[in-house]
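Reminder, nothing fancy here: chain letters follow the sequence lines and each chain counts from 1. Both backbone and side-chain heavy atoms feed into the values below; hydrogens, waters and symmetry mates do not.
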Amino acid sequence: MSHTDRIIVLVDMDCFYCQVEENLNPQFKGKPLAVVQYNTWRGGGIIAVNYPARDRGVTRHMRGDEAKRKCPEIELVHVPSVRDKADLTKYRDAGKLVAAVLQTFTPLLQRASVDEAYLDITDAVTERTNMATREIQRSEIKNTHVVGCEPLEFLYSLYSSGLCEDANLKLAYGAVIAEEIRAAVLQQTGYTCSAGIAHNKILAKLAAGLNKPNQQTVLPQSGVESLFQNLPLHKIRSLGGKFGHSLTEDLGITTMAELVKFSEKDLKKRYDEKTAIWLYNIARGIDLEPVTIRLVSKSIGCCKTFPGRSALITPQSVLHWIGELGAELVERLEKDLEENNRKARQVTVGFTHDVNGNDISTSRVHPLNSYNAKKITDDSYAIIKKLCLKADGTFCIKSISFNAGKFEDCRNVTAITSFFKSDGPYKTIRKMEASERVEILNTDIDEENYSNETVDLNEDATKLTFYKDNCENASDDSITDEIPTVEERSTKGSFFLQYFEDMKNCQHEPPVLRDFDTSRNLEDDDLLDTPGTSKDEDVPTELCEECHQSIPISEMMSHKDHHLALQIDKEEKLTRKSNVPTITIKAKENTKSKKRKCSDNRPNCTLTKFLQSTVKLQEENTQECPQCNRRIRKSDFDDHLDYHVAKELHMEINDIKLCSAANVPKTIKKSKTTKTVSKTRSVISFFKPS
DNA sequence: CATTTACAGACC
DNA sequence: GGTCTGTAA
C-alpha cells in the first residue's frame, strides 16, 4: 500500500452562484457579475464574483457599493429573500444536480460543500490502464495542466523511458477521466468547473486552485517539491486559519518548503502525535485521508444575525424571527425527507446575546418528533425565554441559529426473517421499502458483533447459493426441496428478486415479523402477566431472560429470534444503502447484542418458512381472501387472516419507530401497541408447517 | 454595528 | 449534551 496508489479528483465549480444566475439569465454571460445578499447596508454583501468582474478588481468580501465604484457596469444579482432571509435553495439544488452527474462516475463521492466534491476514481483509472491499447493523446487532456512540466512532456515521459512510471500513468488516466467528468457536468448541467487530479485529497484540492476557471491540473508527486518551494502554508487545506498561523508563530516558517525541515520528532515535541504525523506527511505531499462517501450533510441548519442596533429586544421580535427560522428549517427538512428518506430527531437552538457588554453564546437541544414549525418555534422560544429573558421583560439577542440533526433512516421494513446455520451465526434478512436490496444481518454469536451486508439481487446470484448452502447444512432435511435449484434460479433470474417482484404484485405477502406470537411478545413492556407464570400450565415452559416471561420450551428459540429481530430493528443499525452500488460489508460493533447459546436441536430453519411462503398456491383446495383477493390454502386461511393483522401491526411498529425519540413517553408507545395486540392472536402459525 | 452562513468536530 | 472552535465559501 503506497501513498500514490489512489487517484483523487477534486471538482470545484467556478464561481458557482454566479454561474447559476448566468444560466438563469443568459444575458449576463461574459459581463461582470456579482451575487449579493441583503441590500440594506451599503449595497449588500458580495458572496460570489464572476471572472469578468474579478478582472476588474471586484472581490468577495466587498459591499455592493464598493463593487459599483470599482466597476460601474457590474450586474449585482440579489440572493432571493424568503421570510426576510437569504434563500440559498436554488444554489443547493444546482449543487445536487452536479453531484448527481459526478455520482455516475464513482460511488466514492464525497461532497465537501455545495460546489465542491472529492472523487476517488482509482478503480476507473485501473480499468483504463488495463484496457489501454494505445498511448494517451494530448487531445484527450486538452484543458489539463501538469505541475512541474508541460503536459506534452508529461505524456512523453510516460512512454519514453523503458520504465513506465505507474503512478504518473495513472494520474494521466485520471486527467483523461477528469476531462470526461467535467465535460459531462457541463453538458448535463451547463456549469463549468475546475478540477485537481492527484494521489490524495490535499493535493487534489491544492491543484484544482492552480488553474481556473474551466481547467484542470495534475499534481504528480514529482511536482510537489518545486511547488512547495514558495508555497505559503495557508494554501493547504486546514492550514488557512488559526492553526496555520500558529505554525508560523511556533516554527517561524511561512512556506511548505520550510516545514519539510522539521523531523517527526521535532513536530511531536510541539504537537500531539496525530497532528505531528499529519504535518510531517503533508510537508512531503502525503495524505492518507480517505474519500468517505457522503452525499448528504449530517445536519441541516439556518441562522440569522442581528448585528449592532438590530439586536432583538422585544419578545415579539424574537418570536417573529424564530418563527421565520423554524419555517425555513421545516421547509428544508421536508424536502430532505422527500429526497433522502430520513428524519431529523433533534433540533439545536443556539443564540448569542449580550450580557453586560459581552457576547455570550448558548445552545440547547430539544427532540424533534414531527416536522411541525409551530412546535419547533414554541419549544425554541421556551428555551430562549428561560435562558435570556431579562428581568425587565426584554432580550438582547445578536444571533439565533436552528440546527436539525440526528437523522434516522425512515424507510419501512417490508420484510424480515431470520434463520440459523446449524453451527453458524444467526442471520436476519431484511428488505427495505423502495429498495431492490435485502440486507443480511449476521450476528456473530461468539464475538458479539455482526456484519451488515447489503446484497443487490440484480447483480449477485452467488449470494443465493450462499443462502442455500446455509440451509442445506441446517438440520432440517426438507429444506432443499423447498428452495429452487440453481437452474431454476437462473431461468427465473434472481429467486429473491422474483419473490419481491411477486410481493409488489401482491402474489404473496411478506412474512412480517415472522415467527412470534404477538399476543404475548410484541413489546417487552406490554406484557401484563406476572413473570414466572404461564398462561397455559400444561405446557412446559422456560423463563425468557429478555422479557422474564414463561415461554413454552418448544417456542423458546423462535421467541428469542423475535427479541433479536426486534432489537435489530430498533437499533437502527442501518447504514445508508441507497448509494452503494453492489455489496457492502461493514463490520459493526453491537455491544448490546445478546448472547445466545448454540444448541444442536435447533428449530426448523426459519429461512425455509420464508421461502415456503413464496411457493405459488395452485392447489384446488384454496379460498379467496376478502382482504387481498388472493387464493389461500384452506388449511392456512385462519393464519392468513392473522397475517393481515400482523401486517397492520407491522405498520404500527414502523410508525412507532419513527416517533420513538427519547422524549416520547413510553406509555404512549405501549398503549398504541397494546391496542393492536389485543386484536391479535397467533401470527407465527402462518409460518409454521401445517 | 456589519459578512453571513453553514457545517463539522473536539473537548469536557 | 453543551459549548466552543475551526474552516471555508
Side-chain angles (χ1 to χ4, degrees), chain A residues 10 12-20 34-49 59-67 78-79 81 84-89 91-92 95 110-117 202 205-206 208-209 212 234-247 272 274-275 289 292 294 296-312 325 328-329 332 336 344-354 357 359-367 383 387 396-407 662-663:
Chain A
L10 183 274
D12 186 0
M13 306 308 292
D14 304 320
C15 53
F16 191 44
Y17 291 8
C18 288
Q19 279 205 76
V20 172
V35 175
V36 293
Q37 57 181 357
Y38 306 134
N39 54 4
T40 49
W41 193 68
R42 297 196 191 170
I46 292 181
I47 56 175
V49 185
T59 63
R60 275 171 54 82
H61 232 86
M62 279 179 185
R63 307 302 305 189
D65 294 349
E66 212 178 336
H78 291 257
V79 176
S81 217
D84 295 323
K85 218 182 142 293
D87 179 32
L88 306 175
T89 308
Y91 311 117
R92 291 194 187 102
Q110 179 173 13
R111 288 193 73 192
S113 71
V114 69
D115 72 337
E116 271 188 5
I202 293 284
K205 167 82 178 166
L206 180 63
K212 298 178 91 172
H234 68 256
K235 298 282 183 186
I236 298 292
R237 190 193 65 182
S238 84
L239 298 185
K242 289 197 176 181
F243 181 52
H245 191 74
S246 76
L247 274 181
D272 64 67
K274 209 177 136 192
T275 310
E289 189 186 289
T292 48
R294 185 188 299 155
V296 291
S297 60
K298 292 178 180 175
S299 65
I300 291 176
C302 51
C303 63
K304 171 88 184 155
T305 54
F306 310 98
R309 213 161 290 157
S310 63
L312 305 182
L325 289 166
E328 179 185 336
L329 188 65
R332 286 173 60 193
D336 175 75
R345 286 286 157 229
Q346 188 180 66
V347 170
T348 306
V349 49
F351 55 88
T352 307
H353 65 146
D354 186 294
D359 283 358
I360 306 291
S361 297
T362 310
S363 71
R364 289 288 186 276
V365 298
H366 63 253
I383 288 170
L387 293 172
C396 189
I397 289 175
K398 306 272 192 75
S399 77
I400 301 180
S401 67
F402 280 18
N403 214 315
K406 290 226 188 315
F407 283 98
N663 75 323

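Between A:Ile46 and A:Glu66 there is no side-chain heavy-atom pair separated by less than 4.5 Å. Here the side chains of A:Lys304 and A:Ile400 are not in contact, with every heavy-atom distance at 4.5 Å or above. Using a 4.5 Å heavy-atom threshold, the side chains of A:Asp12 and A:Lys212 count as touching. Here the side chains of A:Ile300 and A:Leu329 are in contact, with some heavy-atom distance below 4.5 Å.
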Next item on the list: Classify every nucleotide of nucleotides 4-9 of chain C by which part a protein heavy atom approaches to under 4.0 Å, writing B for the base, S for the sugar-phosphate alone and - for neither, in 5'-to-3' order.
Entry: S-SSSB

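Between A:Gly308 and A:Cys302, the one whose closest nucleotide on DNA chain B sits nearer the 5' end is A:Gly308. Between A:Asp272 and A:Thr305, the residue anchored closer to the 5' end of DNA chain B is A:Thr305, taking for each the nucleotide with the nearest heavy atom.
Contact annotation for A:Lys304: backbone-only contact, meaning every heavy-atom pair under 4.0 Å involves sugar-phosphate atoms and none involves a base. Across all strands, A:Arg92 comes closer than 4.0 Å only to sugar-phosphate atoms, never to a base (heavy-atom distances).
The distance between atom CG of A:Asp359 and atom P of C:dT3, rounded to the nearest whole Å, is 15 Å.
B:dA2 and C:dA9: their P atoms are spaced 24 Å apart (whole Å).
Nearest heavy atoms, A:Leu10 versus A:Ala208: CD1-CB, 3.7 Å. Residues A:Phe16 and A:Tyr91 approach most closely at CE2-O, 3.6 Å, considering heavy atoms.
The number of heavy atoms from other shown groups lying within 6.0 Å of NZ (A:Lys235) does not exceed 12.
When DNA chain B is scanned 5' to 3' for any atom under 4.0 Å from a heavy atom of chain A, the first and last hits are B:dC1 to B:dG9.
A:Arg332 pairs by the salt bridge (charged side-chain N to carboxylate O under 4.0 Å, His left out) definition with A:Glu328, not counting sequence neighbours.
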